[in-house]
Amino acid sequence: MEATIEVRDLRKRYGATLAVDGLSFVVPPGRVTGFVGPNGSGKSTTMRALLGLDVPDSGSALIGGRPYRSLRHPLNHVGALLDAAAVHPARTARDHLLWLTHSHGLPRRRVDEVIELVGLPSAARRPAGGFSLGMRQRLGIAAALLGDPPVVVFDEPVNGLDPEGIRWIRGFLRSLAAEGRAVLVSSHLMSELEDTADHLLVIGRGRLLADIGVRELLDTASGGWITVRTSRRTEAMTLLAGEGARVAAVDRDTLTVAGLPAERVAATLAAHDVPVRELAAHRASLEEAYMELTRKSTEFTSLTGREA
Amino acid sequence: MHAEWTKLRTTRGPAWLLAATVAAVVAVGAASVASVDVSQCPAPTECHEDTTRLSLLGARLGQATVVVLAVLAITNEHATGMIRTTLAAVPRRHRVLWAKAVVVTVAVLAAGVLGVLGALATGRAVLPGNGFTAANGYPPPSLTDGPTLRAAVGTVLYLVLVALLALGVGTVVRDTAGAVTTTLGLLYVVPLLVELVADPQWHDRLERLAPMTAGLSVQATRDLDRLPIGPWAGLGVLAAYSATALLLGAVLLETRDP
């Protein structure tokens, strides 16, 4: 089976609220695709539609080219962590995984394998009701991996994890992608995905705002600037302004340059024999680039005072 | 199916409810047979007491725990959010309901058999001491007696059908309190309301249609001609309720977003 997720023109309305409005994207195998948007932007709805839990009003959501509800043993095709609280509080972690195994005719040893994989062995025989959110997330991830699926979908897996857990899940997501799986992971915080995702789907008010590589997003961001230290500050400012950059003096020998790539700044100054003591590029953070993308949609949301 | 069995087995609630069902059937039966004595009758042979039915009276209480058990089988998943895990694992959702129906049937069948056998044994032990002897025309309840066997098997089936009705209602209503209230109301309150109907013809008609009075007619072993509905036909009425509730539940489970 092909390890991809395809969402085409997906639309879902809850009462008066249009939760997902014509969303289309593809998640290919072998990389971590981040699904980012403010709370209530339609991420969870999209994932629920993907797993056949919500019936979309129109459009399609396919796993490996097939609608989820046509899959006989879905856990072998796609593993999902949607809601870490979706366990019976009195049932032990092990028994929870056991019934899932039985629903798919999977061998019993898978239970112990996935418990080991997510680092839960010590808690496996305790009722899941007493678990911290972080432990439930691990249990949810264990459940998602029972069928060794080529596609994994995690909704806000970082929520509730401690710093050690966050580091673990980042490495874990990357290793799943490195094994050739399609990995879709959502978050409302770009910073959580900064070191994890290769590619980003940015969503706002149910619409796709960007389908872009992490690197390209950083490059398009307008927030970058360059600090230059030179003994001939005034001359450097005149030269760079002539190249179309926005320049500003910081102190006697320091200036900042915006709107011109670092290579051009260096080349221009070198061509005129302006000595440069230091040239430092400050890239816009992913967070800033993301804020710029989502600003419009969140502004509109707060104007109408409505949570999408 | 195996998965649903694991679910039932791995929490403690269902086992307690099944034990409570057995206890209720036996205890109420014991209290009932202990409370009657031929000395209260004009003559020992004229008590007109249906000793089998009396022994099995506990089904009226035992059905309440059966209802709770069967309702929880589905509403508990809605309450804990586990239904989303279940339906994601088994996207052909009607299969979830059928698997639950089979598991609940097996569990209630086992509890029902234990309860009914216990209640009949208690009846056999207690009744003769109160004058209900073969000499007075009351042979002790025995499974070799056709009507008594039918009453015993019918009572077990009655409990199973009540469980399936409750499972269906639980699937439709999705809320534990709402589903338990609805099912118990249908079982207990409808017969009470029927008693308020003065017109004898309508009274009989409604007794034939009320699931508990119709279904429990299967327990009668004497004076069958005075029943509002025949024993098996009465159980059939209850079965129709159960089937309707399950089918409606299956349709809604398939179409509604959990």
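Numbers restart at 1 for each chain; the letters A, B, ... are given by sequence-line order, proteins then strands. In this text the structure is predicted, and so the values were computed from the model without any measurement.
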Tell me which of these, D54(A), T101(A), L51(A), T92(A), has more heavy-atom pairs under 4.5 Å with chain B than the rest.
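It is D54(A).
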Show me the side-chain donor-acceptor pairs of residues 110-121 of chain A shorter than 3.5 Å, one per line, residues at least two apart or across chains.
residue	atom	partner	partner atom	Å
R110(A)	NE	L146(A)	O	2.8
R110(A)	NH1	E113(A)	OE1	2.6
R110(A)	NH2	L145(A)	O	2.7
R110(A)	NH2	L146(A)	O	3.4
D112(A)	OD1	R94(A)	NE	3.4
D112(A)	OD1	R94(A)	NH2	3.3
D112(A)	OD2	R94(A)	NH2	3.4
E113(A)	OE2	R109(A)	NH1	3.1

More than 12 non-hydrogen atoms from neighbouring residues, nucleotides or ligands closer than 6.0 Å to [atom1] on [X], yes or no?
{"X": "R53(B)", "atom1": "CZ", "result": "no"}
{"X": "R207(A)", "atom1": "CZ", "result": "no"}
{"X": "W232(B)", "atom1": "CH2", "result": "yes"}

Heavy-atom distance under 4.5 Å to chain B: side chain of H104(A), backbone, both or neither?
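Just the side chain, heavy atoms under 4.5 Å.
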Just so I know, are the side chains of [X] and [Y] near enough to count as touching, which here means a heavy-atom distance under 4.5 Å?
{"X": "H96(A)", "Y": "T85(B)", "value": "yes"}
{"X": "R84(B)", "Y": "L82(A)", "value": "no"}
{"X": "R72(A)", "Y": "R92(B)", "value": "yes"}

Nearest atoms (heavy-atom pairs only) where [X] meets [Y]:
{"X": "M82(B)", "Y": "V87(A)", "result": "CG-CA, 3.8 Å"}
{"X": "D257(B)", "Y": "V55(A)", "result": "OD1-N, 3.0 Å"}
{"X": "A88(B)", "Y": "L53(A)", "result": "N-CD2, 4.1 Å"}

Would you mind telling me which of [options] has the largest number of heavy-atom pairs within less than 4.5 Å of chain A?
{"options": "G81(B), A79(B), A89(B)", "answer": "A89(B)"}
{"options": "L87(B), V90(B), T86(B)", "answer": "T86(B)"}
{"options": "E77(B), E254(B), R95(B)", "answer": "E254(B)"}

Return yes if some donor-acceptor pair links the side-chain N/O of R48(A) with the main-chain N/O of P258(B) below 3.5 Å, else return no.
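Pair found, side chain donor or acceptor close to backbone of P258(B).
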